[in-house]
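What you see is a predicted model, and the numbers here were worked out from it, not measured in a lab.
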Amino acid sequence: MAAADLHNSAIADALEELGDLYELDGAVVHRVLAYRNAARSIRESPVSVATLARQGRARELPKVGETIEGKILALLDTGDIPAAKKLRERFPAGLIEITRLPGLGAKRARLLYDELGIDSPQALGAAARGGKLQAVKGLGAKFEQRVLGALEAGPRPRGNERLLLPQAIEMAESIVSSLRQHGPADLDIEIAGSIRRGVEAVKDVDLVAVTESPQQLLSALAKLEQIESVSSASLTAARGLTHSGLPIDLRIAPPKLKGSLLQHFTGSAAHNAALREIAVKEGLDVSEHGIEDDRGGETIRCETETQVYDALRLSWIPPELREHRGELVAARLKGEREGRSRTGKRERQAREDPRDAEASGEEGRLPRLVAERDIKGDLHCHTIASDGVATIEDMAATAKERGYAYLAITDHSATHGFGNDVSPDELLRQIERVREIDSQMEGFTLLAGSEVNILPDGSLDYGDEILQQLDWVVASVHTFFRMSSSEMTKRIVTAIEHPCVDVIGHPTGRKIEKREPYELDLEAVIEAALRTGTFLEINGAPDRRDLPEMHARAASRAGVKLVIDSDAHRPATLANIRWGVLTARRAWLTKDDVANTRTWDELAGIRKRGRSHGLSARSY
DNA sequence: GCCGTTTTCGGCCCGACTGTTTTCAGTCG
């Protein structure tokens with residue numbers, strides 16, 4: 001009885017649960033970690049792991065080997081993993097819940113289960129209130145108090161209480177600016193952590209500061225109006241909480257250590273772990289306190305991040321890439337490596353293995369990431385004709401002020417269905433209006449476009465005779481999200497094959513922290529986009545950032561060009577292009593990978609219509 | 001359990017903090 005194909009997140013959850021169960025069972029930590037690493041890899045995969053596994057290709061994913069591949073297949077075929085089933089009979093579900101309480105882990109959960117038979121958070125609470133926990137060797141009164149506090153606070157949020165990046169940046173910048181104002185005179189402070197890496201949503205704010213007067217900085221933090229409470233155990237760190245409950249982690253070091261500190265607290269955890277593994281092989285110990293040589297004993301204190309990477313013979317890595325997704329291989333300095341490599345021959349042999357070909361192809365080739373200043377125009381925005389709040393003139397003027405050379409006006413199409421649709425007649429009038437305003441603007445091209453709905457059968461909701469009059473067509477799914485993967489894929493591929501469609505808007509439909517993407521075979525979509533010369537969008541709306549980074553990376557690797565858009569509904573949100581660029585950077589995209597880093601004429605020349613007809617932009 | 005500058009076996013990152021300890025284990029980031 002083949003189960004319906006599971007989502008990547010469901011497969012990842014199952015492996016994480018198995019890891020938790022093995023941990024309770026007392027497995028060596030590396031085995032547990034192996035399941036968690038595999039789960040992360042599966043969660044990040046842009047393509048369906050179920051499909052991949054059924055094709056016998058699961059091991060193409062990093063961290064998935066023979067054993068885990070077998071477990072994935074068992075899960076797909078039978079709906080469960082036999083090993084998990086067996087362990088679940090031995091360890092009640094409540095035990096895993098206990099391991100999620102702050103301050104408690106697998107070891108203590110197991111200890112309490114073995115000694116006192118505690119098998120749920122409820123039983124744990126009762127035992128703690130009865131003073132029974134102290135009887136266990138190694139546990140005391142303070143532990144008991146902590147358990148009660150933890151039960152009160154409830155289980156750790158599992159990643160669903162994250163704050164979208166713009167709000168997090170706003171709070172972080174406001175705190176940084178207040179500390180610069182009220183902190184010590186020599187203060188040098190920066191935002192680090194996941195915000196600096198440009199992730200979509202964050203659970204806390206990491207700040208790193210260097211100063212010779214840490215005490216003064218700590219008292220300044222405690223007095224900030226944004227801060228509700230602060231706890232600090234030393235002069236090197238403090239954890240504050242904003243009134244909205246956002247944790248603020250502040251790390252402090254002397255100025256000589258700024259590079260080490262910033263590198264360490266920018267992360268990610270996976271990047272740092274991999275970095276330290278490389279260091280160990282060189283006989284070096286890397287930490288926030290500097291780089292220590294095993295033999296010499298002398299510690300290199302790094303004032304800049306470049307010094308940290310340099311010591312490991314790596315080039316400086318842009319924060320957006322620090323996710324342990326191949327950046328350390330790509331950052332390896334080539335000439336240095338050859339000279340000092342101990343096993344050059346073996347390495348050449350390894351490169352002949354096709355599984356290594358991709359990695360070595362990227363070796364020494366850190367991409368020159370696309371930047372916001374490279375964007376020459378925005379190709380997705382709305383006006384009062386649909387659900388925007390500004391006029392065409394206002395949007396165009398702001399786009400021009402931003403330094404763009406072009407802007408496409410792309411209001412929603414006829415069946416948008418929220419009372420703000422644009423009928424075919426209205427669209428014709430809108431085209432006229434756009435042409436008129438365009439003729440009055442100097443050094444700027446205003447394009448008549450539309451964000452056309454893709455109907456369930458893949459057709460578009462304007463006729464071809466109207467679409468052909470448009471300079472630019474974004475096709476997007478806004479309705480009927482709950483189709484099967486094959487139906488949705490067929491629907492989008494049909495739209496991609498339409499000769500007038502230039503780009504697919506927010507291709508996965510996900511809303512960060514709110515809505516899962518719809519079912520889709522991304523490989524088929526990428527194949528169709530490549531075959532037809534259709535672009536895929538990276539929508540810059542901060543709750544979309546769609547395509548997501550791993551999908552965008554897969555698309556560009558296949559050769560598909562991406563378009564970064566703001567999807568602005570008012571002049572100010574044209575600035576949302578920033579979040580799209582961040583996603584593109586996290587996807588390793590260069591200027592060349594992004595179509596709208598080109599002039600309008602150049603862009604029009606490489607798109608489907610330009611390619612197939614050899615026609616210039618307007619004369620379609 | 002995965003994986004390879006240690007390459008098919010034997011490793012697998014670092015430090016702070018906490019609470020309970022006379023030297024360390026567990027948890028966390």
Open item on the list: Would you say A:Gln216 and A:Thr211 are linked by a side-chain donor-acceptor pair, where the criterion is simply a distance under 3.5 Å?
Closed with: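 No, A:Gln216 and A:Thr211 have no side-chain donor paired with an acceptor closer than 3.5 Å.
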Open item on the list: Hydrogens and angles aside, do A:Glu44 and A:Asn8 bring a side-chain donor and acceptor to less than 3.5 Å of each other?
Closed with: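 No, no side-chain donor-acceptor pair sits under 3.5 Å.
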What is the separation between atom [atom1] on [X] and atom [atom2] on [N], rounded to the nearest whole Å?
X	N	atom1	atom2	value
A:Ile248	B:dG29	CD1	C1'	16 Å
A:Arg59	B:dT8	CZ	C1'	12 Å
A:His264	B:dG15	NE2	C1'	7 Å
A:His30	B:dG10	NE2	C1'	11 Å
A:Arg276	B:dG29	CZ	C1'	10 Å
A:Leu61	B:dG1	CG	P	18 Å
A:Leu21	B:dG1	CG	C1'	16 Å
A:Leu15	B:dC2	CG	C1'	13 Å

If the [atom1] atom of [N] is compared with that of [M], how far apart are they to the nearest Å?
N	M	atom1	answer
B:dT27	B:dC13	C1'	16 Å
B:dC14	B:dT6	P	15 Å
B:dC12	B:dT20	C1'	29 Å
B:dT23	B:dG10	P	33 Å
B:dT8	B:dG1	C1'	14 Å

Open item on the list: Strictly below 4.0 Å, N to O, side chains only: are A:Arg100 and A:Asp20 in salt-bridge contact?
Closed with: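 Here A:Arg100 pairs with A:Asp20 in a salt bridge, since their nearest N and O are under 4.0 Å apart.
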TODO: Nearest-nucleotide wise, let me know which of A:Asp285 and A:Tyr35 is further upstream toward the 5' end of DNA chain B.
DONE: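 Nearer the 5' end of the strand: A:Tyr35.
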TODO: Starting from the 5' end of DNA chain B, give me the residue, A:Val280 or A:Asp204, whose nearest nucleotide shows up first.
DONE: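 Its nearest nucleotide lies further toward 5', so the answer is A:Val280.
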Task: Those residues that, when tested against A:Asp310, pass salt bridge (Lys or Arg N to Asp or Glu O under 4.0 Å) (two or more places apart) - done: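 Counting only residues at least two positions away or on another chain, A:Asp310 forms no salt bridge (Lys or Arg N to Asp or Glu O under 4.0 Å).
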Open item on the list: Contact between A:Met171 and A:Leu163 at the side-chain level, heavy atoms closer than 4.5 Å - yes or no?
Closed with: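 A:Met171 vs A:Leu163: side chains apart.
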Task: A:Val199 and A:Glu323, any side-chain heavy atoms less than 4.5 Å apart - done: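 A:Glu323 vs A:Val199: side chains touch.
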TODO: May I have the step-by-step check of salt bridge (charged side-chain N to carboxylate O under 4.0 Å, His left out) for A:Asp13 and A:Arg43, ending in yes or no?
DONE: CA-CA 9 Å; A:Asp13 286 347; A:Arg43 224 179 273 287; 2.9 Å; yes
- [ ] Ignoring backbone atoms, establish whether A:His289 has a side-chain N or O less than 4.0 Å from OP1 or OP2 of B:dA16.
- [x]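 For B:dA16, OP1 or OP2 has a side-chain N or O of A:His289 closer than 4.0 Å.
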Open item on the list: Whether A:Lys71 contacts B:dG1 is assessed here as follows: a side-chain N or O lying under 4.0 Å from the phosphate OP1 or OP2. Is that the case?
Closed with: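 Yes, such a contact exists.
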List, with names and distances, any nitrogen or oxygen atoms from the protein found under 3.5 Å away from nitrogen or oxygen atoms belonging to nucleotides 17-19 of chain B.
from   : atom 1 : to       : atom 2 : distance (Å)
B:dC17 : OP1    : A:Ser234 : OG     : 3.0

Open item on the list: Can you tell me which residue among A:Val308, A:Thr306, A:Leu328 is in a side chain to side chain contact (heavy atoms under 4.5 Å, CB included) with A:Leu314?
Closed with: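 In the set A:Val308, A:Thr306, A:Leu328, the residue that makes a side chain to side chain contact (heavy atoms under 4.5 Å, CB included) with A:Leu314 is A:Leu328.
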- [ ] Sort out the partner of B:dT8 for me: Watson-Crick or G-U wobble, both distances under 3.5 Å, none otherwise.
- [x]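 Checking every strand shown, B:dT8 finds no partner, since no pair has both distances under 3.5 Å.
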Would you indicate what [X] reaches in the nucleic acid, counting non-hydrogen atoms under 4.0 angstrom: base, sugar-phosphate, or nothing?
X	value
A:Phe265	nothing
A:Val29	nothing
A:Ala274	nothing

Task: A:Lys107, nearest nucleotide to its side chain (from B:dG26, B:dC12, B:dC2) - done: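 The answer is B:dG26.
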Open item on the list: Closest approach to the side chain of A:Glu277, judged atom by atom: which nucleotide of B:dG15, B:dC12, B:dG29 is it?
Closed with: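 Nearest listed nucleotide: B:dC12.
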